[in-house]
Every structure is written in C-alpha cells, then in structure tokens.
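Every number for a ligand or one of its atoms is a count from 1 in the order of the listing. Heavy-atom basis, side chains included; hydrogens, waters and symmetry copies ignored. What you are looking at is a predicted structure, and each value in this text was computed from that prediction instead of being measured.
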Amino acid sequence: MTKITFDKHLQKQEFLNIFKGYEREVFEVEVRHDPLLGNTSIYNKLLKGKIKVIFGTSDHGLIDEMVQASEKNCILCPDKIENNTPKYPEEISTTGRIYQGEAVLFPNLFPISKYHAVISVSKAHFLRLSEFSTEILSDALTAARIFVNSVYKNDISPLFITLNANYLFPAGASFVHPHLQLLISTVPYSYHKRLLDACDKYHNTNHSNYFNDLIIEEKMIDERYISQKGNWHWLASFAPSGSNEIIGIHEFMDDFEALSEHDIKQLSSGISEVLNYYEKMGFLSFNFTIFSVRNSQNQKGFNCLVKLITRQNLYQNYRNDDYYLQKILQSELMITLPEELASGMKSI
Ligand SMILES: [Zn+2]
C-alpha cells in the first residue's frame, strides 16, 4: 500500500457570466494538499488567461537602465568587492573571504542568523537566467561548502543550513548583481523546522524516508518526475509552495557540507537547467533555497534538497506576486499545473 497520498478536491460553483449575456456557467477550482506538510495549492484553469496580469512581461529597456545605473556603485562587482566588503576572522578564513572561481564569499554586515555569508556569484553584474552556468553555480556552491566546513570545525552545535537565492527586485533582492545568502543557525526557521519535523514523524511511522518514497511514487506515476542527475532527482511539486516550483532531492545525504564535488556539480547542473527552462517560460526573477541539516540525530528521515520558484517579472510599477493567499493563508496559486511544468521541461 502506498504511504503517500496525493490529495485533490474539486469545487464547483455557478454564476451568471456578464460576458455571455448572463448565461449560467459552471466554474471549477481544484485544491491540492502537499502530501508531507498539508499546504494548500489552488488551480483554476481560467487564470491561465490572466497570466500577463499576474506575472507581467519583463521590460528589457527598463532592466538595461537598472543594470547600468546600479553597476556604478555595486560593491559585488570585481573592481569594488575587495575594498567595500567585510572579512571573516582568521579561524573562519585565513584570507578573510573565500574565493572560488568567479565566486567571492564574505560576511553580511546585517546578519539574520548566527553565521550569515553573502556570495557574489559572478564577475558579471547581470546574468540572464540561461547564463547561470553549471560552472558559475558550482563555484558559488563550493565556496558555501568550504565556509560551512570551517564553521563546523569551530562550532560543535547542531546547525541548520539554508543557501538562498533572491534574483532581482521582485524576488526581494537589494542588489542586481547575482548573489546567494548562506544562513547557518542553531535554530531552524519555520519552514525548515516544519520540513524536518514532518520528515521525522514520517520516518517514525513508516520506517523510511519521505523524500525517497516520494521519488519512487513520482517515478511510477510519471506525471511530475523530470529526471535524475547523479544522486539528484528532479520533479515538479504536486502542491507547490511557490510558482512553477521544481525540487531537486539528494538520494541519501542530509548535510550539504558532506556533498562530494560530483554531487555539487550535478546539483549545479540541475539548477542551471531549471533556470534555463524558467527563461524559456518567460521568467527573469526567481528564488531558490537549499535545505540542509548537521547533527540530525534528533531528526530522522531528512534529505538535502533544493526548491526553486519563479517570481513576478520586472517592469515599471510591477505588482508583487505574493498577496494574502501566499503571505497570510500560506497557500499557493498554480497557474501552470505541475504536470504541465514537468512535461514541458522534459521535452526540451
Ligand atoms: Zn555588480
């Protein structure tokens, strides 16, 4: 018997359509529940027609202007990073900052966790999504792993790690320049804690890892499973917690720090392919988070994973794509069904 339930509810409602001479019409709303956390995601096929209103179209002239205007004073650009960013003490990094390929890691001046590093990803001040190459991402992720490793040597506490990306202003970035934010905390933040607790509970009940069972189920159903790259499995979430959510799950590791060079390369390659596909779909702004845990003796059944979502496009006076539904009701709208998303990405 399957241990994972993909729960869907169909709600129907009638009203008199003004555009069809007040003819009675039936509308359908599909509500899905995430099999692990129970989060709700909502789909109404009519909203596909409103996609331009919801996400907008990127204004490339405006983007060019913003890129040029922000480049002059950008402290993440290679000619300014050395004299404008803080350094770590010797016990964390003998060189103060961590350099790996084009990536440079340094402390955030305004930390929001015990350790909070910023990673400038590229020498280029702006990248199209298709320009986030495996190599660029792999260097940035390697810089993060080197930093986590030196923190581990100096700090024996259980540590909860997230490596986060905000790309462009609609995704919450304050810099145009591609960068990542690495948070290492002794306390997991809300969503991370919910994930860990739910995986632990699932493990205690079923004596198996939720995400490993999910991979088996999704491969069998073959509607949302996309591909395998090394030890990483890529799929579109059944009930996404963001637009066009794609997740990459490691088969057996829970700790980002312990990933091999090959694991980091394969993960970077997967992220690069997803971003490339987001560009093909017409998106420019995104968030992603890699979730990881160290010393997980109190939490079992967790796999290191990355979650990627698209955000609002960038244009003059853009609206925010998070409203009461996402921020307060903590539910997500599905404009593209996960099954269409997976099938589209598999076909490229
Ligand atoms: Zn820059």
Side-chain angles (χ1 to χ4, degrees), residues 56 58-88 92-93 95-113 115-147 162-183 264 267-268 271-272 274-276 278-279 282-290 306 308-318 320:
S58 291
D59 177 341
H60 291 283
L62 176 70
I63 292 162
D64 288 348
E65 276 172 34
M66 289 172 91
V67 168
Q68 275 177 24
S70 58
E71 194 167 10
K72 277 178 247 153
N73 298 315
C74 175
I75 60 159
L76 303 185
C77 271
D79 58 331
K80 294 181 214 73
I81 201 161
E82 292 298 318
N83 297 321
N84 292 283
T85 55
K87 289 183 181 182
Y88 277 107
I92 301 279
S93 166
T95 48
R97 303 183 189 95
I98 292 168
Y99 300 86
Q100 181 74 30
E102 293 193 20
V104 184
L105 179 149
F106 58 89
N108 192 317
L109 265 183
F110 306 99
I112 56 165
S113 65
Y115 307 91
H116 182 176
V118 177
I119 305 166
S120 173
V121 167
S122 60
K123 287 188 173 166
H125 179 64
F126 172 78
L127 293 175
R128 295 200 318 272
L129 298 203
S130 55
E131 292 173 323
F132 282 83
S133 65
T134 300
E135 194 185 0
I136 276 180
L137 287 165
S138 184
D139 284 338
L141 266 55
T142 301
R145 193 189 46 183
I146 294 168
F147 178 74
T162 57
L163 181 54
N164 306 279
N166 302 321
Y167 193 53
L168 298 181
F169 308 129
S174 48
F175 286 97
V176 166
H177 199 113
H179 63 287
L180 303 178
Q181 308 251 6
L182 174 61
L183 303 183
I264 294 271
L267 171 60
S268 304
I271 294 173
S272 174
V274 174
L275 297 182
N276 196 36
Y278 283 167
E279 181 176 291
F283 293 102
L284 180 62
S285 190
F286 67 86
N287 291 110
F288 74 68
T289 296
I290 297 170
V306 60
L308 298 102
I309 58 169
T310 55
R311 297 300 302 270
Q312 180 68 50
N313 277 323
L314 200 111
Y315 52 93
Q316 201 72 260
N317 306 319
Y318 62 84
N320 195 298

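Using a 30° and 60° split on the angle between ring planes, Phe288 and Phe286 fall in the parallel class, below 30°.
Evaluation of the ring pair (Phe, Tyr, Trp, His ring centres under 6.0 Å) rule for Tyr278 yields no partner, not counting sequence neighbours. Partners of Tyr88 by ring pair (Phe, Tyr, Trp, His ring centres under 6.0 Å), not counting sequence neighbours, listed by chain and number: Phe147.
Here the Zn ion (ligand 1) has protein N, O or S atoms under 2.8 Å from it, and they come to 4.
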Side-chain polar contacts of residues 71-79 - donor-acceptor pairs under 3.5 angstrom, sequence neighbours left out - could you list them?
none

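Taking both residues in full, the closest heavy atoms of Gln316 and Leu62 are given as N-CD2, 3.3 Å, listed atom of the first, atom of the second, then distance.
Looking only at distances, no side-chain donor or acceptor of Gln100 sits under 3.5 Å from a matching main-chain atom of Thr142.
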